[in-house]
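Numbering of residues begins at 1 and proceeds along the displayed sequence.
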Amino acid sequence: MKQWGGRFEKPTDRLVEELNASIGFDRRLFREDILASIAHCRMLGRQGIISAADSVVIVAGLRQVLAEFEASGPPTDIALEDIHTAVESRLRELVGEVAGRLHTARSRNDQVATDFRLYCRGAILDTLDLVVSLQEALLALGSEHAETLMPGYTHLQRAQPIVLGHHLMAYVEMLDRDADRLRDTYRRTNVLPLGSGALAGLPYPLDREWVARALGFDGVSLNSLDAVSDRDFALELLSDAAILMAHLSRLAEELVIWSSAEFGFVELDDAFATGSSIMPQKKNPDVAELIRGKTGRAYGNLVRLLSTLKALPLSYNKDLQEDKEAVFDTVDTLIGCLSVLGPMLVSARFRTDRLREVAGQSGSLATDVADYLVRRGIPFREAHAIVGRIVVYCVQHGRELTDLTVEDYQRFSPAFDDDVREVTLEASVAARRTAGGTAPARVAEAIAIRGATIAGTRDWVASQRERMPTLESVIAVE
């Protein structure tokens, strides 16, 4: 009989069982469910809601269930309905009828909300670990290439020379915002709903604060209706992940472009590329393409949960069973992409000769030449027009600005002098020394600043991991 079957006179139709069951995917929450159940059971015993002896027996049984599920995996029988029933069913087989006391003073509604928050907390910390590792990889490359010249782009057209380190550090900044968002989401996730019951609270002398402490939560929810129906924390995680995947996709796209023969800026290591089944010469950037492609999954999962939550009345509704697969899929996707991207970058070979060659082409120093005229007293708009005519001349005659003589320049303006030859790629990037600019000195400063920020994030993650519940910590808490 179902745990809720006392009200019913007929068994559940098999088709309903198939539609209703979540054991196929929520089985991955077995650790969270068992640890939360141990904390709940210990609190019941401490508060005299069940006997201390029963509490000891149930906790011992739960420990055995955890060991079995960790060794062989939880069951998948849809008749068990969900992971919560699977745990309690096995517990009953081990300790007998006393297992029925475990569900005293809790509902499936606050139970699943607690398990899901525990899972999301861990997923956030795992993601942050990988974000930091990717930042560190980019930081090392940025330091290595703090003076490597390359073309900067707008509209995917060559614009001005920059250094490769500055370009790579742009992604460190994106990831830093991602890390900040994830930490903020963690704060709102880290609230205990257990003790809210089905929707109205519970008529028992619970010590919710003790359970929160045992499970590493910062505090307890203040409204039972909201606590069992709130999935904002899952939405925020999916939103954070979608933005993070957008950033990974941009980096992946540039690796795809840069590794093409047309650009030739980078060669990906053989371990992070694939070949063609028909064309022997091919070396395809499939890893980067997959990261780019999998970004759509993260976007879709965010919209999926938003659509599920749209117009749901308070409090709990079965629709909320649809929250987990979206989060599980996004977390798996995100972890997979982050895990491979750092090693792929570190193993790649940047063709610094090619980067420098292209950096000086297509009139990339035109703005610097205009700035030269401004320093000689010519208004910028006029200087812009003069240099525009020079660029047209270069295009028509197949020349670059660096090929022109002083006499060539003076045909367009008498303001040019011999020192126009000092307008070089190196001088151009060195002059961009405003805060946040591409000057190598500024890139070095940015690397130092972000190095400290990244170290701070890693320390924060470590401090939160120390608070994450383990079997030993939940058993030992006083």
### Task
Under the salt bridge (Lys or Arg N to Asp or Glu O under 4.0 Å) rule, what do Arg458 and Glu136 come out as? Steps first, then yes or no, please.
CA-CA 11 Å; Arg458 193 172 282 289; Glu136 289 171 342; 3.1 Å; yes
### Between Ser22 and Asp82, a side-chain donor and acceptor under 3.5 Å
no
### Query
Does the Arg442 side chain pair with the main chain of Arg433, one donor and one acceptor, at a distance under 3.5 Å?
yes
### Query
Atom CG in Leu168, atom CG in Leu251: separation rounded to 0.5 Å?
8.0 Å
### Step-by-step salt bridge (Lys or Arg N to Asp or Glu O under 4.0 Å) determination, Asp184 to Arg181
CA-CA 5 Å; Asp184 207 38; Arg181 273 185 285 271; over 6 Å; no
### Query
Would you call Met150 and Ile162 a side-chain contact if the rule is heavy atoms closer than 4.5 Å?
yes
### Donor + acceptor pair across side chains of Tyr316, Arg108 (<3.5 Å)
no
### Query
Under 30°, 30 to 60°, or over 60°: which ring-plane class applies to Phe263 and Tyr153, parallel, tilted or perpendicular?
tilted
### Query
So, do Val191 and Asp218 sit near enough that their side-chain heavy atoms are less than 4.5 Å apart?
no
#### Entry: Leu404 versus Cys394, closest heavy-atom pair with distance
CD1-SG, 3.8 Å
### Task
Report yes or no: does Ser249 contribute a side-chain atom to a donor-acceptor pair with the main-chain N or O of Ala246 at less than 3.5 Å?
no
#### Entry: Verdict with supporting geometry, Asp329 and Arg297, salt bridge (Lys or Arg N to Asp or Glu O under 4.0 Å)
CA-CA 8 Å; Asp329 182 68; Arg297 297 173 72 111; 2.4 Å; yes
### Message
Is a donor from one side chain sitting under 3.5 angstrom from an acceptor on the other, for Arg389 and Tyr393?
### Response
no
### Query
Is Asp26 salt-bridged to Lys324, cutoff N-O under 4.0 Å?
no
### Query
Is there side-chain contact between Val477 and Ser473, with heavy atoms separated by less than 4.5 Å?
no
### Message
Could you measure the distance from the CD1 atom of Ile454 to the CG atom of Asp459? Nearest 0.5 Å is fine.
### Response
12.0 Å
### Query
Counting only N and O atoms by type, is there a donor-acceptor contact under 3.5 Å from the side chain of Asn109 to the main-chain atoms of Val228?
no
### Message
What I want to find out is whether Arg121 reaches Asp126 closely enough, with some N-O distance under 4.0 Å, to be called a salt bridge.
### Response
no
### Message
Tell me if the CZ atom of Arg250 is crowded by more than 12 foreign heavy atoms within 6.0 Å.
### Response
no
### Task
State plainly whether the residues Arg465 and Asp129 are in salt-bridge range, i.e. N to O under 4.0 Å.
yes
### Task
Please state whether the rings of Trp460 and Tyr186 are parallel, tilted or perpendicular, taking 30° and 60° as the class boundaries.
perpendicular
### Query
Hey, are the side chains of Ile386 and Leu373 touching, using non-hydrogen atoms and a 4.5 Å cut-off?
yes
### Query
Is the side chain of Ser413 donor-acceptor paired with the backbone N or O of Phe416 at a distance under 3.5 Å, no angle test?
no
### Task
May I ask you to check whether Thr330 and Asn301 show a side-chain donor-acceptor distance below 3.5 Å?
yes
### Heavy-atom closest pair, residues Cys337 and Lys294
SG-CD, 4.1 Å
### Asn317 side chain to Ser315 backbone, donor-acceptor under 3.5 Å
yes
### Query
Is there a donor-acceptor pair closer than 3.5 Å between any side-chain N or O of Ser224 and the backbone N or O of Leu199?
yes
### Query
With a 4.5 Å heavy-atom cut-off, do Leu255 and Pro285 have their side chains touching?
no
### Task
Report yes if the side chains of Ile34 and Ile38 come closer than 4.5 Å at any heavy-atom pair, otherwise no.
yes
### Task
Inspect the contact between Asp180 and Arg177 and indicate whether a charged nitrogen and a carboxylate oxygen are less than 4.0 angstrom apart.
no
### Query
Name the one of Leu341, Ile447, Leu175 that satisfies side chain to side chain contact (heavy atoms under 4.5 Å, CB included) with Leu138?
Leu175
### Message
Can you tell me if Lys318 has over 12 outside heavy atoms packed within less than 6.0 Å of its NZ?
### Response
yes
### Query
Counting only N and O atoms by type, is there a donor-acceptor contact under 3.5 Å from the side chain of Thr189 to the main-chain atoms of Thr185?
yes
#### Entry: Donor-acceptor under 3.5 Å (Asp230 side chain, Asp232 main chain)
yes
### Query
Can you check whether Ile83 reaches Val112 side chain to side chain, under 4.5 Å on heavy atoms?
no
### Lys/Arg N to Asp/Glu carboxylate O, Arg31 vs Asp115, below 4.0 Å
no
### Message
Show the nearest heavy-atom pair for residues Ala242 and Tyr299, with the distance to one decimal.
### Response
O-CE2, 3.4 Å
### Message
Could you check whether atom CD of Gln464 has more than 12 heavy atoms from other residues, nucleotides or ligands sitting under 6.0 Å from it?
### Response
yes
### Query
Just checking, any donor-acceptor pair under 3.5 angstrom between side chains of Glu254 and His167?
yes
### Query
Passes salt bridge (Lys or Arg N to Asp or Glu O under 4.0 Å), Lys283 versus Asp270? Steps please.
CA-CA 8 Å; Lys283 183 176 181 180; Asp270 285 359; 2.8 Å; yes
### Task
Could you tell me the separation between the CG atom of Leu248 and the CG atom of Leu244, rounded to the nearest 0.5 Å?
4.5 Å
### Message
I'd like to know if the side chain of Arg467 and the backbone of Gly216 have a donor-acceptor N/O pair within less than 3.5 Å.
### Response
yes
### Task
Any chance you could measure Met344, atom CE, to Leu268, atom CG, to the nearest 0.5 Å?
6.0 Å
### Query
Is any NZ, NE, NH1 or NH2 atom of the basic residue among Glu236 and Arg188 found under 4.0 Å from an Asp or Glu carboxylate oxygen of the other?
yes
### Message
Is it the case that the side chain of Glu289 and the backbone of Val256 share a donor-acceptor pair, with hydrogens and angles ignored and the cut-off at 3.5 Å?
### Response
no
#### Entry: Rounded distance (nearest 0.5 Å) linking atom OG of Ser196 with atom CG of Leu225
9.0 Å
### Query
Is the CZ atom of Arg381 crowded by more than 12 outside heavy atoms at less than 6.0 Å?
no
### Query
Between Arg450 and Thr453, is any side-chain donor less than 3.5 angstrom from a side-chain acceptor?
yes
### Check: Asp368/Ser428 side-chain N/O donor and acceptor closer than 3.5 Å
yes
### Query
Closest heavy-atom contact between Tyr372 and Ala415?
OH-O, 3.9 Å
### Query
Going by distance alone, is a donor N or O of one side chain under 3.5 Å from an acceptor N or O of the other, for Arg231 and Thr308?
no
### Query
So, do Tyr171 and His247 have ring centers that fall under 6.0 Å from each other?
no
### Query
What closest approach, in Å, do Leu235 and Leu302 show between heavy atoms, and which atom pair accounts for it?
O-CD1, 3.9 Å
### Query
Is Arg28 salt-bridged to Asp332, going by a charged N under 4.0 Å from an acidic O?
yes
### Message
Please give me the minimum heavy-atom distance between Gly195 and Arg208, naming the atom from each residue.
### Response
CA-NE, 3.6 Å
### Query
Is there a side-chain contact between Val266 and Arg349 (heavy atoms, below 4.5 Å)?
no
### Side-chain ion pair, Glu426 and Arg356, N-O less than 4.0 Å
yes
### Task
Scan side-chain atoms only and decide if Asp286 and Thr274 contain a donor-acceptor pair under the 3.5 Å cut-off.
yes
## Note on the structure
NE2 (His145) and CZ (Phe350) are apart, to the nearest 0.5 Å, by 6.0 Å
